[in-house]
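Below is one structure; the comments refer to it alone.
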Amino acid sequence: MELTVYLAGQIHDDWRDEVKTKASEKNLPLNFTGPMENHDRSDDIGEEILGEQPDSIAKDDAASDFNNLRTQVLLGKSDLVIALFGEKYKQWNSAMDASAALAMNKPLIIVRPKDLHHPLKELSNKANVTVENVDQALQAISYIFEEK
């Protein structure tokens, strides 16, 4: 059995590479997907497909349509979602993707530091599991594959 894991969260650092490397080291049968990690492409996709937009708000709206399409399809095809919340970047997309996962009845693991317990308490209580780091998330997934 293989699982497809949607990695929801900010795209400004290499946390996804860390997850993929550690999952590989544990020989977990996982495939990964997630949002467009090329920030410029994510911001420009609306104009690339629809043409130049009249202002920055229209440009953002056009890009959002295509990014939301991508997220809905890939998140919908996933077996499990890991949503990472860190302290360095704004976490609006993480919250949106985690909420979408819950609405789609996808199993959800939230990764967040203790410092974010209070602002994420309701979302954490809806998730299947909340952990403090990537290693714990991968331990939770490893447990799925244990037979005895």
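Worth knowing before you read on, the calculation uses all heavy atoms, side chains too, and leaves out hydrogens, waters and symmetry mates.
- Here the side chain of Ser142 pairs a donor or acceptor atom with the backbone of Leu138 at under 3.5 angstrom.
- When every heavy atom of Ala137 is checked against every heavy atom of Val111, the shortest pair comes out as CB-CG2, 3.9 Å.
- For the atom pair CG (Leu120) and CG (Asp115), the distance works out to 11.0 Å, reported to the nearest 0.5 Å.
- A single hydrophobic cluster is seen to contain both Leu102 and Phe85, as judged by linkage of ILVMFWY side chains at heavy-atom distances under 4.5 Å, directly or through other members.
- Without hydrogens or angle criteria, Asn67 side chain to Ser42 main chain gives a donor-acceptor distance under 3.5 Å.
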Under 3.5 Å, sequence neighbours excluded: what are the donor-acceptor pairs made by side chains of residues 51-59?
{"from": "Gln53", "atom 1": "NE2", "to": "Gly51", "atom 2": "O", "distance (Å)": "2.9"}
{"from": "Asp55", "atom 1": "OD1", "to": "Ile57", "atom 2": "N", "distance (Å)": "3.1"}
{"from": "Asp55", "atom 1": "OD1", "to": "Ala58", "atom 2": "N", "distance (Å)": "2.8"}
{"from": "Lys59", "atom 1": "NZ", "to": "Asp44", "atom 2": "OD1", "distance (Å)": "2.8"}

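- No chain of hydrophobic side-chain contacts below 4.5 Å, direct or via other Ile, Leu, Val, Met, Phe, Trp or Tyr residues, connects Leu74 to Leu80.
- Within the model, atoms OG1 of Thr71 and CE of Met96 stand 5.5 Å from one another, a figure rounded to the nearest 0.5 Å.
- Side-chain atoms of Asp79 and Pro107, non-hydrogen and from C-beta on, never get closer than 4.5 Å to each other.
- Open room surrounds CD on Gln72; 12 or fewer heavy atoms of other groups in view lie less than 6.0 Å from it.
- Taking all atoms of both residues into account, the shortest heavy-atom contact from Ser94 to Leu84 is OG-O, 2.9 Å.
- For the pair Ile109 and Ile141, the minimum side-chain heavy-atom distance is below 4.5 Å.
- Residues satisfying the ring pair (Phe, Tyr, Trp, His ring centres under 6.0 Å) criterion with His39, sequence neighbours excluded, are His12.
- Between Lys22 and Asp135, some side-chain heavy-atom pair lies under the 4.5 Å cut-off.
- For the pair Gln136 and Asn133, the tightest heavy-atom approach, listed with the atom from each and the gap, is N-OD1, 2.8 Å.
- Residues Leu7 and Lys20 are in side-chain contact: their nearest non-hydrogen atoms beyond the backbone lie under 4.5 Å apart.
- Using a 4.5 Å cut-off on side-chain heavy atoms (C-beta onward), His117 and Thr130 make no contact.
- The two residues Ala98 and Leu123 have their closest heavy-atom pair at CB-CD2, 3.9 Å.
- Taking CD1 of Ile45 as the start and CG of Asn38 as the end, the distance is 10.0 Å to the nearest 0.5 Å.
- Distance CD1/Ile144 to CG/Leu3: 6.0 Å, rounded to 0.5 Å.
- Ser78 OG to Leu75 CG: the interatomic distance, rounded to the nearest 0.5 Å, is 4.5 Å.
- More than 12 heavy atoms of other residues, nucleotides or ligands lie within 6.0 Å of NZ in Lys121, so this atom counts as buried by the packing criterion.
- Contact detail for Asn128 and Lys106: the closest heavy-atom pair is OD1-O, 4.2 Å.
- With sequence neighbours left out, Arg41 forms a side-chain hydrogen bond (donor to acceptor under 3.5 Å, both in side chains) with Glu48.
- Hydrophobic clustering (side-chain heavy atoms under 4.5 Å, transitive across Ile, Leu, Val, Met, Phe, Trp, Tyr) groups Val5 together with Val134.
- Residue Trp15 is grouped with residue Val129 when hydrophobic side chains (ILVMFWY) are merged at heavy-atom distances under 4.5 angstrom, including chains of intermediate members.
- Contact of the Phe145 side chain with the Met1 side chain is registered, since non-hydrogen atoms from C-beta on lie closer than 4.5 Å.
- For the pair Asp97 and Val81, the minimum side-chain heavy-atom distance is 4.5 Å or more.
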Quick one: side chains of residues 28-37, donor-acceptor pairs under 3.5 Å with protein atoms, not counting sequence neighbours, listed by atom name and distance.
{"from": "Asn31", "atom 1": "ND2", "to": "Glu2", "atom 2": "OE1", "distance (Å)": "3.0"}

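- Among residues two or more places apart in sequence or in another chain, the side chain to side chain contact (heavy atoms under 4.5 Å, CB included) test is passed with Pro113 by Glu87, Leu116.
- In this structure, the side chain of Arg16 engages the main chain of Gly9 through a donor-acceptor pair within 3.5 Å.
- The side chain to side chain contact (heavy atoms under 4.5 Å, CB included) search around Leu69 returns Val73, not counting sequence neighbours.
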